[in-house]
Every structure is written in C-alpha cells, then in structure tokens.
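See below for the structure under consideration.
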Amino acid sequence: MKQRVVAIDGPAGAGKSSVAKRVAQALGYRYLDTGALYRALAWKAIKSGLRPQDASYIVDMTRETKVELQQHNGEQRVLVDGEDVTEAIRAPEVANLASPISAIPEVREILLDWQRDFARQGGTVAEGRDTGTVVFPNAGVKIFLTASLDERARRRHRELLERGINISLQQVKLDMEARDQRDSTRHIAPLRPAPDAVIIDTEHLSLDEVVEEVLKICRARFTNEAPPST
Ligand code: DC
C-alpha cells in the first residue's frame with residue numbers, strides 16, 4: 001500500500017527545500033525537512049564541544065535531545081530543546097558537522113522513528129537524502145533532484161549571502177564536494193535515487209518549472225491509483 005508521502009531526495013543545492021515547501025503548500029501536506037534534524041543535532045554537538053569522532057557521546061546526546069519542526073504561516077521553525085535554532089543551523093560549520101553525524105547508524109535509527117511518526121500524522125512532503133530509499137520505501141511519489149556541482153554551489157552561495165553569511169564561492173564548492181562524497185559513499189543510507197524515483201535534472205529549469213513537474217507526477221499518482229493510506 002502506497003503512503004501519502006512525496007519523497008524528494010538529492011544532493012545539497014539541487015533545490016530540494018524550495019521545491020518541497022512549494023509542493024507541500026500546493027497539496028496541503030506537511031513539510032518534513034529531514035536535513036534540519038541532522039543539522040539540529042550538529043548545532044547542539046558544536047555547542048556541547050563534541051567532535052565528529054565522539055560518536056558514542058553524539059548518540060547519547062541524540063537520545064536526550066528534543067527536536068521540533070513547527071510550521072508558522074508556511075515558514076518552518078526548528079527548535080532544539082525549546083530553543084529556536086532556525087537560522088543558526090544554516091551556518092556552513094553546522095552543515096559540515098551534520099554530514100559525519102548523519103553517517104552514525106544509531107543516530108539514523110533514532111531519527112528514522114521520528115520521521116515515520118511525523119508522516120503518520122498526515123500527508124507529508126519529505127526532503128533529504130534517503131527519504132525514498134530508506135525512510136519511506138512505500139512513498140506514493142519519489143523524486144530525485146540533481147544539478148551539476150557548479151550550479152549547486154552557485155545556488156547555495158547565493159542563499160548564504162542572502163542570509164548574511166560571508167563565504168567565498170570556492171569554499172562553498174569545496175565544502176559541498178566533500179559533503180556529497182561523504183553522503184554518497186557512507187555504508188548506511190547513502191545518497192542515491194530509489195529505483196522507482198523520477199530523476200529531474202534542475203540545471204536549466206526554474207523553480208516554477210520543477211514544482212509544476214513534481215505536482216504533475218503527484219496528481220497522476222494520487223488520483224489514478226487506489227487512495228494512498230496515511
Ligand atoms: O539537506 P541538508 O544540507 O540540510 O542536510 C544536512 C546533512 O544531513 C547532509 O550532509 C546529509 C545529511 N542528511 C542525511 O544524511 N539524510 C537525510 N535524509 C537528510 C540529510
């Protein structure tokens with residue numbers, strides 16, 4: 001039985017967040033930003049003085065941490081133990097630590113339950129790296145977004161500058177390349193398209209065009225098949 005879940009995966013900067021938010025809004029589904037969960041843990045790990053090699057402490061910390069994704073007027077707020085970290089988790093050093101943290105199997109296991117609980121509460125658009133392969137293998141729609149490293153780095157650089165984070169394009173590209181490599185080659189839940197995912201190359205498409213393409217697929221799947229379960 002297919003789930004009422006749209007799983008959108010792909011590497012950093014492929015456009016997942018912007019697309020997922022718009023698709024969620026159009027379908028009236030809830031938006032699940034799974035990367036924000038790993039970033040939230042990385043933010044707390046940095047604050048606690050933990051390093052990537054402190055895996056067992058990071059696992060203990062994960063068990064004791066309450067991460068909340070709240071939606072206000074179409075905007076997502078991320079809370080860690082009640083503290084709003086929405087902006088703080090977008091910092092490049094948080095992204096850099098989120099990647100090794102996401103390779104710790106016990107951390108993924110804990111977050112797996114969390115993500116599935118979220119989707120049990122209603123129609124969900126989930127974005128991340130393994131939402132179509134591991135978290136929601138029965139998702140009604142699976143999308144994998146791609147674009148070249150240069151284009152993705154340019155987009156992420158622009159985004160960071162808009163947030164007031166001053167960093168060179170070259171540094172963004174180097175960080176992104178290292179992160180992609182780590183995320184794609186890890187043993188557990190590596191970044192890769194699910195066999196039944198629709199792959200969309202966003203290199204030369206506008207946000208509107210990608211959203212329309214995804215919505216077209218959703219309409220076809222969610223109306224032509226038996227009604228999906230939640
Ligand atoms: O999408 P993002 O940049 O916010 O993700 C931050 C890190 O979290 C990224 O390096 C990979 C990891 N991640 C993951 O392993 N699985 C997910 N479903 C989402 C993110």
Side-chain angles (χ1 to χ4, degrees), residues 5-21 24 31-46 52 55 58-59 62 65 67 69 76-78 80 85-119 124-137 139 142-147 149 152-153 155-160 163 165 167 171-194 197 202:
V5 169
V6 180
I8 303 182
D9 292 312
K16 299 185 300 288
S17 304
S18 321
V19 173
K21 278 183 206 157
Y31 165 56
L32 172 55
D33 175 2
T34 65
L37 304 176
Y38 294 97
R39 285 171 181 262
L41 295 176
W43 174 85
K44 184 164 171 183
I46 291 171
I58 293 174
V59 173
T62 303
T65 303
V67 183
L69 299 184
Q76 173 185 262
R77 307 301 304 174
V78 184
V80 173
V85 297
T86 311
E87 273 81 36
I89 61 166
R90 296 298 150 196
E93 61 273 22
V94 174
N96 289 343
L97 183 61
S99 178
I101 284 184
S102 73
I104 303 172
E106 293 90 338
V107 169
R108 298 201 78 87
E109 198 60 39
I110 297 166
L111 291 189
L112 195 58
D113 290 340
W114 198 101
Q115 293 167 78
R116 289 179 178 163
D117 280 348
F118 185 101
T124 297
V125 178
E127 63 127 314
R129 303 294 187 290
D130 63 339
T131 67
T133 50
V134 177
V135 188
F136 303 113
K142 296 182 188 180
I143 306 286
F144 193 88
L145 300 182
T146 61
L149 175 64
R152 292 187 290 109
R155 291 177 189 170
R156 183 52 51 89
H157 184 238
R158 211 180 306 131
E159 228 174 79
L160 289 170
R163 289 177 194 273
I165 297 172
I167 183 170
Q171 190 57 52
V172 172
K173 192 172 159 186
L174 285 173
D175 285 351
M176 198 173 249
E177 200 169 17
R179 209 142 70 84
D180 282 354
Q181 169 72 8
R182 228 181 293 125
D183 296 342
S184 319
T185 54
R186 68 183 177 215
H187 285 296
I188 180 159
L191 165 69
R192 67 169 61 124
T202 69

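Residue indices begin at 1 and follow the sequence shown. Counting starts at 1 for both ligands and their atoms, in listed order.
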How far is [atom] from its nearest protein heavy atom, and which residue and atom is that?
{"atom": "atom 16 (N) of ligand 1", "answer": "Arg108 NH2, 3.0 Å"}
{"atom": "atom 6 (C) of ligand 1", "answer": "Arg179 NH1, 3.5 Å"}
{"atom": "atom 1 (O) of ligand 1", "answer": "Arg129 NH1, 2.8 Å"}
{"atom": "atom 19 (C) of ligand 1", "answer": "Thr34 OG1, 3.3 Å"}
{"atom": "atom 20 (C) of ligand 1", "answer": "Gly35 CA, 3.5 Å"}
{"atom": "atom 8 (O) of ligand 1", "answer": "Tyr38 CB, 3.5 Å"}
{"atom": "atom 4 (O) of ligand 1", "answer": "Arg39 NE, 2.6 Å"}

For Met176 and Ala12, work out which heavy atoms get closest and say how close.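 Met176 and Ala12 have their closest heavy atoms at CE-O, 3.6 Å.
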Closest non-hydrogen atom pair, Pro11 against Arg152: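 Closest heavy-atom pair between Pro11 and Arg152: CB-NH1, 3.4 Å.
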Is there a polar contact, in the sense of an N or O pair closer than 3.5 Å, between [X] and ligand 1?
{"X": "Asp183", "value": "yes"}
{"X": "Ser102", "value": "yes"}
{"X": "Gln115", "value": "no"}

What I want to check is whether the side chains of Ser18 and Arg155 have a donor and an acceptor closer together than 3.5 Å.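 There is no such pair between these side chains.
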Can you tell me which portion of Ser99 lies within the under-4.0 Å heavy-atom range of ligand 1? Options are side chain, backbone, both, or neither. both
Is a salt bridge present between Glu177 and Arg182, judged by a nitrogen-to-oxygen distance below 4.0 Å? no
Hey, does Thr131 have a side-chain heavy atom less than 4.5 Å from the side chain of Ile8?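 Ile8 does not reach Thr131 side chain to side chain.
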Quick one, His187 and Pro105 - any side-chain contact, counting heavy atoms below 4.5 Å? no
Using non-hydrogen atoms of the residue, decide whether Arg182 is closer than 4.0 angstrom to ligand 1.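 False for this residue.
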Heavy-atom contact under 4.0 Å between Arg186 and ligand 1? yes
Only distances under 3.5 Å count here; give the side-chain donor-acceptor pairs of residues 34-43 to other protein atoms, sequence neighbours excluded, each with its distance to 0.1 Å.
{"unit_1": "Thr34", "atom_1": "OG1", "unit_2": "Glu127", "atom_2": "O", "d": "2.6"}
{"unit_1": "Tyr38", "atom_1": "OH", "unit_2": "Arg108", "atom_2": "NH2", "d": "3.3"}
{"unit_1": "Arg39", "atom_1": "NH1", "unit_2": "Ile89", "atom_2": "O", "d": "2.9"}

Donor-acceptor pair, Lys173 side chain versus Ala153 backbone, under 3.5 Å?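 Such a contact is absent between Lys173 side chain and Ala153 backbone.
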By the salt bridge (Lys or Arg N to Asp or Glu O under 4.0 Å) test, which pairs, at least two apart or in different chains, include something from residues 88-107? Asp33-Arg90
